[in-house]
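Throughout, a chain's letter reflects where its sequence line sits, starting with A, and its residues are numbered from 1.
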Amino acid sequence: DAKTTQPTSMDCAEGRAANLPCNHSTISGNEYVYWYRQIHSQGPQYIIHGLKNNETNEMASLIITEDRKSSTLILPHATLRDTAVYYCIVKNPVAGTYKYIFGTGTRLKVLA
Amino acid sequence: DAGVTQSPTHLIKTRGQQVTLRCSPISGHKSVSWYQQVLGQGPQFIFQYYEKEERGRGNFPDRFSARQFPNYSSELNVNALLLGDSALYLCASSLGGANVLTFGAGSRLTVL
C-alpha cells in the first residue's frame with residue numbers, strides 16, 4: 001500500500017471550509033484514497049473514499065488530482081464537532097490483506 | 001442498529017498477566033479487524049478475520065492471538081503483558097474483507 005504524507009496540524013475558523021491535504025505520490029492505479037477521522041477517545045470514523053473522480057457525501061467532499069498523486073478532503077462548513085485527527089489512507093481494497101495503514105494524521109482544530 | 005461493541009471499556013493489568021478483549025460486530029458484518037493505538041500514534045493493524053478464518057496479521061509478537069466465533073464476534077488475547085502493551089485496542093467490522101471499516105469505541109488497556 002502506498003505511503004501518505006499529511007500536515008501534522010491545522011486550524012480552521014468555525015463556519016469556514018476546512019481543506020485537508022494529503023500527498024500520495026506513489027499511489028498505484030488500483031489503489032483508492034480513504035479518509036477516516038478520530039474524535040478524542042473514540043474509534044476512527046469513516047468519512048469518504050474515492051479512486052479518481054471527485055466524490056461528495058453528506059459529510060465531506062474528496063478532490064483527487066488528475067495524476068492522483070494528491071488529494072484534498074473538504075469539510076464545507078466546519079463546526080467545533082469537526083475537531084479531530086484526520087487520517088488519509090491509500091489501499092487496494094481487493095488485494096492481499098485488508099489492513100489499513102494509518103499514519104499520524106492531521107490534527108484539525110476548529111476555532112470558535 | 002447497534003454499532004460495534006467492545007468490552008471491557010477500560011482495564012488495568014500487571015506485567016506478565018493475560019488479557020482477553022471482546023468485540024461484537026455490526027449485525028450482518030462477517031469481517032472483524034483488530035488495531036492497537038498507542039498514545040499519540042495512529043492505529044496499527046493486528047489481525048483481520050473473515051468468515052472465521054485469519055486473513056491478515058500485522059507485525060505483532062506471538063503473544064497476540066485472536067479468533068472469530070460462528071456468530072462473527074471476536075476475541076483478542078494478549079499473553080505475558082508488557083508495559084508497552086498499554087494502548088487503546090480497537091475492533092472494526094465490515095461486511096466483507098474489503099469493505100470500509102466501522103470501528104468500536106475501543107478497550108483501553110493499562111499495564112502496570
Side-chain angles (χ1 to χ4, degrees), chain A residues 1-9 20 22-24 28 30-51 55-60 62 73 84-109, chain B residues 2-7 9-10 21 23-26 29-51 53-60 66 68 87-110:
Chain A
D1 294 327
K3 181 179 169 61
T4 62
T5 304
Q6 300 177 252
T8 303
S9 64
L20 293 94
C22 179
N23 186 291
H24 32 79
S28 62
N30 51 6
E31 288 182 319
Y32 283 66
V33 180
Y34 294 78
W35 284 84
Y36 284 75
R37 73 178 182 184
Q38 188 172 24
I39 296 170
H40 183 61
S41 296
Q42 297 181 21
Q45 175 191 25
Y46 166 78
I47 302 173
I48 198 168
H49 73 285
L51 181 62
E55 301 287 346
T56 296
N57 63 20
E58 65 278 5
M59 289 183 68
L62 173 61
L73 178 74
V85 178
Y86 287 77
Y87 297 100
C88 169
I89 301 158
V90 172
K91 73 185 300 296
N92 183 338
V94 294
T97 62
Y98 305 121
K99 67 178 179 179
Y100 284 76
I101 300 175
F102 290 80
T104 51
T106 296
R107 187 171 298 276
L108 175 69
K109 188 173 183 179
Chain B
V4 177
T5 57
Q6 293 187 243
S7 63
T9 55
H10 295 83
L21 308 177
C23 173
S24 293
I26 290 173
H29 284 194
K30 298 181 178 180
S31 179
V32 169
S33 300
W34 287 95
Y35 286 76
Q36 179 198 64
Q37 187 172 26
V38 174
L39 197 62
Q41 297 183 18
Q44 286 210 354
F45 173 76
I46 310 176
F47 285 110
Q48 191 211 23
Y49 278 79
Y50 177 64
E51 287 281 14
E53 290 188 4
E54 182 182 305
R55 293 301 183 94
R57 182 185 181 113
N59 188 24
F60 281 81
Q68 187 177 32
L88 180 67
Y89 288 85
L90 295 160
C91 172
S93 74
S94 58
L95 275 170
N99 297 96
V100 298
L101 303 179
T102 301
F103 284 85
S107 294
R108 184 163 297 282
L109 171 65
T110 301

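The contact between Y36(A) and chain B is made entirely by side chain atoms (from C-beta outward), counting heavy-atom distances below 4.5 Å. When heavy atoms are compared at a cutoff of 4.5 Å, Q44(B) does not approach chain A at all.
Here the closest non-hydrogen pair linking G43(A) and L90(B) is CA-CD2, 3.8 Å. Residues V100(B) and Y46(A) share a closest heavy-atom pair of CG1-CE1, 3.5 Å. Between Y35(B) and Y100(A), the shortest heavy-atom contact is OH-N, 2.9 Å.
More than 12 heavy atoms of other residues, nucleotides or ligands shown are found within 6.0 angstrom of CZ on F60(B).
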